[in-house]
Amino acid sequence: MGGGLLVAGTTSDAGKSVVTAGICRWLVRRGVKVAPFKAQNMSLNSFVTREGAEIGRAQAMQAQAARVEPTALMNPVLLKPGSDRSSQVVLMGKPVGEMSARGYHGGRQEALLGTVTDCLEQLRSTYDAVICEGAGSPAEINLRRTDIVNMGIARAAKFPVLVVGDIDRGGVFASFFGTTALLSAEDQSLVAGYLVNKFRGDVSLLEPGLDMLYGLTGRRTYGVLPFTHGLGIDEEDGLRVSMRGAVRESVVAPPHGEEVLRVAVCAVPLMSNFTDVDALAAEPGVVVRFVDRADELADADLVIAPGTRGTVKALAWLRERGLADALVRRAAEGRPVLGICGGFQVLGERIEDEVESRAGVVDGLGLLPVRVRFDRAKTLARPVGSALGEPVEGYEIHHGVADVRGGEPFLDGCRVGAVWGTHWHGSLESDGFRRRFLVEVARAAGRRFVPAPDTSFGVLREEQLDRLGDLVEEHADTDALWRLIEGGAPGGLPFVPPGAPPAVPGAAESRGAAPDPAPQSPEGLEMARPEALGEARKSHGPDAEAKPQGLDVGRSAGPEIAVVHVDQEAK
């Protein structure tokens with residue numbers, strides 16, 4: 001059975017994803033067969049594996065860092081927010097319905113612990129090491145009882161925990177200490193130590209504080225990673241991440257031709273897979289920015305309507321802000337517009353939605369001869385084709401089914417004049433196609449822009465992952481990290497009071513004690529026993545070719561992994 005490590009964080013966006021990816025790249029470069037794992041992810045940035053399973057893009061990126069093919073085993077539970085109070089639940093790569101936050105954390109979440117631990121055990125039986133990423137903070141005491149992604153999975157696997165803190169935010173010592181002190185004694189026994197992320201300046205000035213932290217907690221700091229601009233990887237959500245960050249934080253590479261090309265991305269609500277524009281931002285002379293006002297489209301050479309988890313909501317938002325009218329004017333003037341997935345649906349004539357928004361029939365912007373009907377079944381695919389005379393690969397994640405009624409064929413969508421639309425995410429990562437597309441955009445925009453002939457997005461992504469590996473190798477105690485991965489948390493780690501508070505005021509659970517055992521699967525979530533999942537899970541293994549078994553809502557048919565009856569209304 002392979003060893004492992006849980007990378008937790010003092011906060012969301014502390015750097016768990018990049019540290020996990022960096023550790024994976026460091027390990028694989030030293031000959032270790034390693035896999036990433038995140039039991040539960042909440043993100044609108046997702047990816048489709050080769051067997052047709054939807055997982056978080058961060059885990060797909062981490063799999064690339066580990067040089068392995070991503071599978072559903074690496075992210076068994078994915079939550080895709082549809083509002084402030086509800087999310088679509090994706091289990092083992094397949095959607096099983098919508099659920100309110102109260103319903104999920106009210107008992108259904110902990111019933112998934114057997115599923116996620118079984119996935120982790122399968123990875124451990126295949127790989128030398130599994131590097132797990134936590135979510136949020138392990139000290140979210142209101143959620144500890146139902147936790148399956150932080151200390152819950154660490155306890156189940158007996159994995160040591162490395163807590164990452166973002167010193168650029170300030171308060172990192174208090175965050176390290178407070179995170180530890182709010183955990184039960186049993187949880188604290190697995191917290192091996194800390195890793196400082198995004199440090200600026202002379203490390204020697206930080207060392208007295210690290211020594212005092214050791215004196216307070218009995219736990220060492222395993223490394224101090226420097227602040228690094230433009231790491232260029234896929235995290236969960238937020239506009240500060242992925243490769244366009246390099247464009248926003250540093251000087252844009254000079255254009256290969258005479259002029260730059262300006263790209264404006266409409267920052268629609270519930271924006272998903274905004275990583276689609278990373279390949280554009282990687283091009284010398286292409287400036288990418290996210291906008292939410294109509295006047296910001298005036299000087300744009302290309303406007304992109306990106307993917308969204310709420311197509312009808314995004315359409316209403318575009319109209320409310322005047323962006324819809326601006327897009328219609330652009331199309332009439334022959335100025336380039338590209339719609340991707342939900343953005344493609346918005347550009348069509350009509351949307352019939354009884355699934356996502358339940359709004360019924362809604363008029364689109366009418367820029368493309370397309371009618372969209374939402375289907376309860378989600379399309380998850382890895383299409384391959386050609387466009388503009390170049391090969392293209394992509395991936396599809398959508399409920400909307402497009403009926404294309406005219407225009408010039410463009411991938412699975414169409415083109416009318418300078419307006420393009422497609423459901424294919426990731427198509428712009430195909431280098432030859434991206435260059436031909438930018439030539440078309442520049443011509444329509446009247447710009448003397450010429451794409452560089454040698455930009456390879458795949459090579460750039462590998463270089464970024466190597467940079468993450470370098471950060472870990474050069475600024476962390478890798479020998480000590482390997483001892484953690486192989487041997488677990490050191491014995492005799494001291495308890496830091498006060499420990500976890502009682503789960504319920506007045507409950508018998510004492511401070512420092514572990515939470516009571518999780519109750520049995522609650523009504524409405526029927527979980528198969530882990531030992532019965534082996535055959536179904538084989539399709540998710542690293543060498544699998546078969547597609548995963550289907551999941552359905554409200555019924556069971558064949559060797560399904562789980563059946564989830566979801567709340568009809570998010571409250």
Query raised in the report: Any side-chain heavy atom of Arg289 sitting closer than 4.5 Å to one from Arg262?
Result: yes
Requested in this report: Give a yes-or-no answer on whether the side chains of Asp276 and His425 include a donor-acceptor pair shorter than 3.5 Å.
Outcome: yes
Query raised in the report: Considering residues at least two apart in sequence or located in another chain, which fulfil the salt bridge (charged side-chain N to carboxylate O under 4.0 Å, His left out) criterion with Arg435?
Result: none
Query raised in the report: Side-chain contact, heavy-atom cut-off 4.5 Å: Leu411 with Ser427?
Result: yes
**Report entry** Set of ring pair (Phe, Tyr, Trp, His ring centres under 6.0 Å) partners for Phe159, sequence neighbours left out
**Finding:** none
Query raised in the report: Among pairs that include at least one residue of residues 393-402, which meet salt bridge (charged side-chain N to carboxylate O under 4.0 Å, His left out), considering only residues two or more places apart or in two chains?
Result: none
Report task. Would you confirm whether Asn150, through its side chain, and Ala135, through its main-chain N or O, come within 3.5 Å as a donor-acceptor pair? Result -> yes
Query raised in the report: When you check the side-chain N and O atoms of Arg461 and Gln464, is any donor under 3.5 Å from an acceptor?
Result: no
Report task. Using modelled atom types only, decide if a donor and an acceptor are shared between the side chain of Thr126 and the backbone of Gln122 within a distance under 3.5 Å. Result -> yes
Query raised in the report: What pairs meet the ring-ring contact (aromatic ring centres under 6.0 Å, His included) rule with one or both residues in residues 29-67, with sequence neighbours excluded?
Result: Phe47-Tyr395
Requested in this report: Carefully, step by step, assess Ser17 and Glu133 under the rule side chain to side chain donor-acceptor pair (under 3.5 Å).
Outcome: CA-CA 7 Å; Ser17 294; Glu133 180 187 345; 2.8 Å; yes
Query raised in the report: Counting distance only, does the side-chain N/O of Ser86 pair as donor-acceptor with the main-chain N or O of Gly82 below 3.5 Å?
Result: no
Query raised in the report: Where do Val291 and Ala264 come nearest, in terms of heavy atoms and distance?
Result: CG1-CB, 4.0 Å
Requested in this report: Would you confirm whether Lys38, through its side chain, and Gly134, through its main-chain N or O, come within 3.5 Å as a donor-acceptor pair?
Outcome: yes
Query raised in the report: Are the side chain of Asp353 and the backbone of Ala359 linked by a donor-acceptor contact shorter than 3.5 Å?
Result: no
**Report entry** Verdict with reasoning, Ile304 to Ile340, per side-chain contact (heavy atoms from CB on, under 4.5 Å)
**Finding:** CA-CA 8 Å; Ile304 295 179; Ile340 302 175; 4.3 Å; yes
**Report entry** Derivation of the side-chain contact (heavy atoms from CB on, under 4.5 Å) call for Val439 and Val450
**Finding:** CA-CA 7 Å; Val439 167; Val450 178; over 6 Å; no
Report task. For side-chain contact (heavy atoms from CB on, under 4.5 Å), just list the numbers for Val7 and Ile23, CA-CA rounded to whole Å, side-chain angles, deciding distance to a tenth of an Å, and then say yes or no. Result -> CA-CA 10 Å; Val7 178; Ile23 292 175; 4.1 Å; yes
Report summary line: Paired with Glu463, the side chain to side chain contact (heavy atoms under 4.5 Å, CB included) test is passed by just one of Leu465, Val459, Asp466, namely Val459
Query raised in the report: Once the angle between the rings of Phe410 and Trp420 is folded into 0 to 90°, is it parallel (under 30°), tilted (30 to 60°) or perpendicular (over 60°)?
Result: tilted
Query raised in the report: If you draw a 6.0 Å radius around CZ in Arg67, do more than 12 non-hydrogen atoms from other residues or ligands fall strictly inside?
Result: yes
**Report entry** Contacts of type salt bridge (charged side-chain N to carboxylate O under 4.0 Å, His left out), residue Glu429, not counting sequence neighbours
**Finding:** Arg57
Query - Results of side-chain hydrogen bond (donor to acceptor under 3.5 Å, both in side chains) for Asp403 - residues two or more places apart only - result: Arg405
Query raised in the report: Where is the tightest heavy-atom contact between Gly9 and Lys16, given as atom of each residue plus distance?
Result: N-CD, 3.4 Å
Query raised in the report: Has the side chain of Asn75 got a donor or acceptor atom that lies under 3.5 Å from a matching backbone atom of Gln59?
Result: no
Requested in this report: Determine which pairs satisfy ring-ring contact (aromatic ring centres under 6.0 Å, His included) with at least one residue from residues 59-90, sequence neighbours left out, and list them in order.
Outcome: none
**Report entry** Minimum heavy-atom distance between Leu365 and Ala324, given as atom pair plus value
**Finding:** CD2-CB, 3.6 Å
Requested in this report: Provide the closest heavy-atom pair for Pro76 versus Val116 in the form atom of the first, atom of the second, distance.
Outcome: CG-CG1, 3.7 Å
**Report entry** Leu323 and Trp317, any side-chain heavy atoms less than 4.5 Å apart
**Finding:** yes
Query raised in the report: Do Asp412 and Trp424 have side-chain heavy atoms sitting under 4.5 Å apart?
Result: yes
Query raised in the report: Are the side chain of Ser430 and the backbone of Phe433 linked by a donor-acceptor contact shorter than 3.5 Å?
Result: no
Query raised in the report: Would you call Asp470 and Arg29 a salt bridge, taking side-chain N to carboxylate O under 4.0 Å as the test?
Result: yes
Report task. Indicate yes or no for a side-chain donor-acceptor contact from Ser87 to the backbone of Val89 under 3.5 Å, with no hydrogens or angles considered. Result -> no
**Report entry** Contact check, side chains of His399 and Asp375, non-hydrogen atoms, under 4.5 Å
**Finding:** no
Report task. Tell me, please, which residues at least two apart from Ala331 pass side chain to side chain contact (heavy atoms under 4.5 Å, CB included). Result -> Leu367, Val419
**Report entry** Student check: side-chain heavy atoms of Thr308 and Pro269 closer than 4.5 Å
**Finding:** no
Query raised in the report: Any salt bridge between Glu98 and Arg309, counting N to O under 4.0 Å?
Result: yes
**Report entry** Nearest-0.5 Å distance, CG of residue Asn45 to CE of residue Met61
**Finding:** 11.0 Å
Report task. Walk me through it: do Leu338 and Val441 pass the test side-chain contact (heavy atoms from CB on, under 4.5 Å)? Result -> CA-CA 10 Å; Leu338 171 64; Val441 168; over 6 Å; no
Query raised in the report: Can you name the nearest heavy-atom pair linking Pro369 to Cys414, along with the distance?
Result: CD-SG, 4.0 Å
Report summary line: Of all heavy-atom pairs linking Cys24 and Val34, the shortest is O-CG1, 3.6 Å
Query raised in the report: By salt bridge (charged side-chain N to carboxylate O under 4.0 Å, His left out), which residues pair with Arg415, not counting sequence neighbours?
Result: Glu440
Considering only distance and modelled atom types, tabulate donor-acceptor pairs under 3.5 Å from the side chains of residues 341-351, sequence neighbours left out.
from	atom 1	to	atom 2	distance (Å)
Gln345	OE1	Thr311	OG1	2.8
Gln345	NE2	His423	NE2	3.0
Glu349	OE1	Arg371	NE	3.4

Query raised in the report: Nearest 0.5 Å, what's the CZ-CG distance between Arg443 and Leu438?
Result: 12.0 Å
Report task. For the pair Lys94 (side chain) and Gly52 (backbone), establish whether a donor and an acceptor sit closer than 3.5 Å, ignoring hydrogens and angles. Result -> yes
**Report entry** Pairwise side-chain contact, Met271 with Leu44, heavy-atom cut-off 4.5 Å (strictly under)
**Finding:** no
Requested in this report: Find out whether Val288 and Val286 are in side-chain contact, i.e. whether some heavy atom of one side chain is under 4.5 Å from a heavy atom of the other.
Outcome: yes
Query raised in the report: Can you list the residues that meet the side chain to side chain contact (heavy atoms under 4.5 Å, CB included) rule with Glu54, with sequence neighbours excluded?
Result: Ser46, Leu78, Lys80, Val90, Lys378, Leu380, Ile397
Report summary line: Those residues at least two apart in sequence (or on a different chain) that pass salt bridge (charged side-chain N to carboxylate O under 4.0 Å, His left out) with Glu462 are Arg25
Query - Glu69 versus Thr49, side-chain donor and acceptor atoms under 3.5 Å - result: no
Query raised in the report: With Pro336, which of Leu261, Val263, Leu302 fulfils side chain to side chain contact (heavy atoms under 4.5 Å, CB included)?
Result: Leu302
